[in-house]
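Note sheet for the following structure.
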2 protein chains.
Amino acid sequence: MVYTVGEMAKLLGVAPSTLRYYDQEGLLPFVERSSNGIRVFQDADYEWLQVIECLKKTGMPLKDIREFIRMAMQGDETIDERLELIVRQREAVRKQMEELQQTLETLDFKQWYYETARDAGTTAVPRNMTLEELPQQYREVRRRLRRE
Amino acid sequence: MVYTVGEMAKLLGVAPSTLRYYDQEGLLPFVERSSNGIRVFQDADYEWLQVIECLKKTGMPLKDIREFIRMAMQGDETIDERLELIVRQREAVRKQMEELQQTLETLDFKQWYYETARDAGTTAVPRNMTLEELPQQYREVRRRLRRE
DNA sequence: CCTTGACTTCAAGTTAACTTTAAGCTTTAC
DNA sequence: GTAAAGCTTAAAGTTAACTTGAAGTCAAGG
């Protein structure tokens, strides 16, 4: 199966202009052209685009993704480099998940805070609680927020 | 304790210009000024800034954070609204974590892929494996990547 | 034959979140 | 008394990742 830029964009759920922009930025060296200059996407290209999508979700900038693609085009001699890059991004994502976990804990605390405030009619109640009055799981969070 | 913009920035690990920018954007209505116009940060302001930081990490744009701060300044009548916003952000973060989890699984697959390629000397080996030859935990990932 | 729709390129515009620069004020240290 | 450090504002500059607009090409349908 082959696809136009519009069809591939639809498959991926992005705007066609995004794919043209990626091509312009050198991320899509694998995309071929028909005799009259129209981009011809193959099924295999879908997989490349999914990998680009994946790396983008790790927060990697497009120019670094371009380097990864460039390496992949080089062939088997760059396997080690590519492996190293993947391992590095994996660690970056693990770190991001830990940070998000902490953010979630803060929001859990805030949710409890506003539920308590709502029930009491005023934020003064949760705000002025001592650490001992605070449910155990929120103590660490409040210590962090208040630098206590 | 009171702090200048530079001291507070240091505590938070951000640039002073960032705090000035936030102030300009209306995110810091709680920060007072000394007689000669210098910003005076209080300990309580540190907590506000941590909350701003937390909301920023959820991906909330600054103008929405400003609205949250504005609500908080309104007082107890906005408790319900603020609770709702927190719950919404909490759900957004849970979703982000799920997406990151999927990204991580893709990277796990790619790591295995390149380790296998390295050991074989060519990416042709992992690439041409049938679904049955593939370790079980990677089958779903490859199906997604290849739209199989 | 001609209109429609989707493709092309190139250039310019957009947005968010800062950062930098310039010009000026205040306090502290020698 | 003056120089340095750190504060102020306002305005302009930066960056990434797109998006939009203009002008043109091409194939299919009525």
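A note on names: the letters A, B, ... follow the listed sequences, proteins ahead of strands, and every chain is numbered from 1.
Here the nucleotide nearest the side chain of B:Asn36, chosen from C:dT26, D:dA17, D:dT19, is C:dT26. Ranking D:dA16, C:dT19, C:dC7 by closeness to the B:Tyr21 side chain, first place goes to C:dT19.
When every heavy atom of B:Leu28 is checked against every heavy atom of B:Ile52, the shortest pair comes out as CD2-CD1, 3.7 Å.
Within the 4.0 Å cut-off from OP1 or OP2 of D:dT20, not a single side-chain nitrogen or oxygen of A:Ser17 is found. Regarding contacts with the backbone of C:dT8, a side-chain N or O of A:Arg39 is found under 4.0 angstrom from either OP1 or OP2. Listed pair B:Arg20 / D:dT8 meets the phosphate criterion, a side-chain N or O lying under 4.0 Å from OP1 or OP2. Here A:Lys56 reaches the OP1 or OP2 of D:dC18: one of its side-chain N or O atoms lies under 4.0 Å away.
Looking only at distances, a side-chain donor or acceptor of B:Arg66 sits under 3.5 Å from a matching main-chain atom of B:Glu25.
Nearest-nucleotide positions on DNA chain C place A:Arg33 closer to the 5' end than the other of A:Arg33 and B:Tyr22.
Here the side chains of B:Arg144 and B:Gln102 are in contact, with some heavy-atom distance below 4.5 Å. Using a 4.5 Å cut-off on side-chain heavy atoms (C-beta onward), B:Leu19 and B:Leu49 make contact.
Note: OH (A:Tyr3) to P (C:dC7) measures 15 Å, nearest angstrom. The distance between atom CG of B:Asp64 and atom P of C:dT15, rounded to the nearest whole Å, is 15 Å. A:Gln24 places its CD atom 12 Å from the C1' atom of D:dT19, with the value rounded to the nearest Å. D:dC7 atom C1' lies 4 Å from atom CD1 of B:Ile38, rounded to whole Å. Put simply, NZ on B:Lys63 is 11 Å from C1' on C:dT15, counting in whole angstrom units. Protein atom CE of B:Met8 is 13 Å distant from nucleotide atom P of D:dT8, rounded to whole Å. In this structure, NZ of A:Lys57 is placed 17 Å from C1' of D:dA17, rounded to the nearest angstrom. To the nearest angstrom, P of D:dT15 lies 15 Å from CG of A:Leu62.
In B:Arg146, the CZ atom is crowded: over 12 heavy atoms of neighbouring residues, nucleotides or ligands sit closer than 6.0 Å.
Nucleic acid contact for A:Thr4: sugar-phosphate only, since backbone atoms but no base atoms lie under 4.0 Å from a heavy atom of the residue. Nucleic acid contact class of B:Pro16 (heavy atoms, under 4.0 Å, all strands): none.
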